[in-house]
Amino acid sequence: MNDELHERIRAVIADVPAGTVATYGDVAALSGAPSPRMVGRALAEDGHDLPWHRILRANGTPAPHLLHEQLERLRAEGVLADGQKVDLRKYRWRPDGDEPSEDEPPGLF
DNA sequence: CGCGTGACGTATC
DNA sequence: AGATACGCCACGC
């Protein structure tokens, strides 16, 4: 049943901690969705109970009709957005990856 | 059963 | 910045 897939997608989204964001592609990969678009559809149809505002696009921009709403919610959680884009490399959710041993060394780049 | 369309995408040109 | 190609699923005809 596809319901299981929906449940899995929702589970992954529900597993995203506050102050963190994830992309549709990430959720799709983690949930096993065949395509990131299914994630968006799953949310549009059944994401009313989920922190959908933590799900952004690959470039860090949320959906157009929810852009403002989403940014407001994210801001409330500590995720600041620059006009419309969010720093994915900074707020991107990492599955249990508390490993500050890489990524951005201070002063570099 | 096939086809067209929509849906909160992504990557590439 | 825009347009295009690809992908998967649900719905209506």
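Order of the sequence lines fixes the chain letters, A, B, ..., with proteins taken first and strands second; residue numbering starts at 1 for each chain.
- The side-chain heavy atoms of A:Asp46 and A:His48, taken from C-beta on, include a pair separated by under 4.5 Å.
- Taking 4.5 Å as the limit, some side-chain heavy atom of A:Glu72 sits within range of a side-chain heavy atom of A:Arg75.
- Between the CZ atom of A:Arg8 and the P atom of C:dC8 there is a distance of 17 Å, rounded to whole Å.
- Shown here are the side chain to side chain donor-acceptor pair (under 3.5 Å) partners of A:Glu77, two or more places apart in sequence or in another chain: A:His53, A:Arg54.
- Ion pairing between a basic and an acidic side chain is recognised when a charged N comes within 4.0 Å of a carboxylate O; A:Asp87 and A:Arg92 show no such pairing.
- One finds the CG atom of A:Leu56 at 11.5 Å from the OH atom of A:Tyr91 (value rounded to the nearest 0.5 Å).
- The side chain of A:Arg41 lies closest to C:dC9, out of B:dT10, B:dC8, C:dC9.
- The CG atom of A:Leu30 lies 6.0 Å from the CG atom of A:Asp26; values are rounded to the nearest 0.5 Å.
- Following rounding to the nearest Å, A:Glu45 (CD) and C:dC8 (P) show an atom-to-atom distance of 19 Å.
- Across all strands, A:Ala44 comes closer than 4.0 Å to base atoms (heavy-atom distances).
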(request) Go ahead and write out DNA chain C as dot-bracket, 5' to 3': ( ) for pairs within the strand, [ ] for ones crossing earlier pairs, | when the partner sits on another strand, dots for unpaired; Watson-Crick or G-U wobble, both distances under 3.5 Å. (result) .|||||..|||||
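- In this entry the distance linking CZ of A:Arg57 with C1' of B:dG9 reads 8 Å, nearest Å.
- When the P atom is compared between C:dA5 and B:dC8, the two are found 22 Å apart, to the nearest whole Å.
- Put simply, the side chain of A:Gln84 reaches to within 4.5 Å of the side chain of A:Leu67, judged on heavy atoms.
- Here C:dC9 presents its P atom at 8 Å from CG of A:Leu5, a figure rounded to the nearest Å.
- Here the side chains of A:Leu88 and A:Thr23 are in contact, with some heavy-atom distance below 4.5 Å.
- The NE2 atom of A:His48 sits 15 Å away from the P atom of B:dC8 (whole-angstrom rounding).
- At a threshold of 4.5 Å between non-hydrogen side-chain atoms, the residues A:Ile13 and A:Tyr24 do not count as touching.
- Within a heavy-atom distance below 4.0 Å of DNA chain C, the residues of residues 15-39 of chain A found are A:Pro34, A:Ser35, A:Arg37, A:Met38.
- At whole-Å resolution of the value, CD in A:Gln70 and P in B:dG9 are 11 Å apart.
- In this structure, A:Arg73 places its CZ atom 14 Å from C1' of B:dC8, rounding to the nearest Å.
- Atom NE2 of A:His68 is separated from atom P of B:dC8 by 19 Å (rounded to the nearest Å).
- Separating the P atom of C:dC13 from that of B:dA7 is a span of 16 Å, rounded to the nearest Å.
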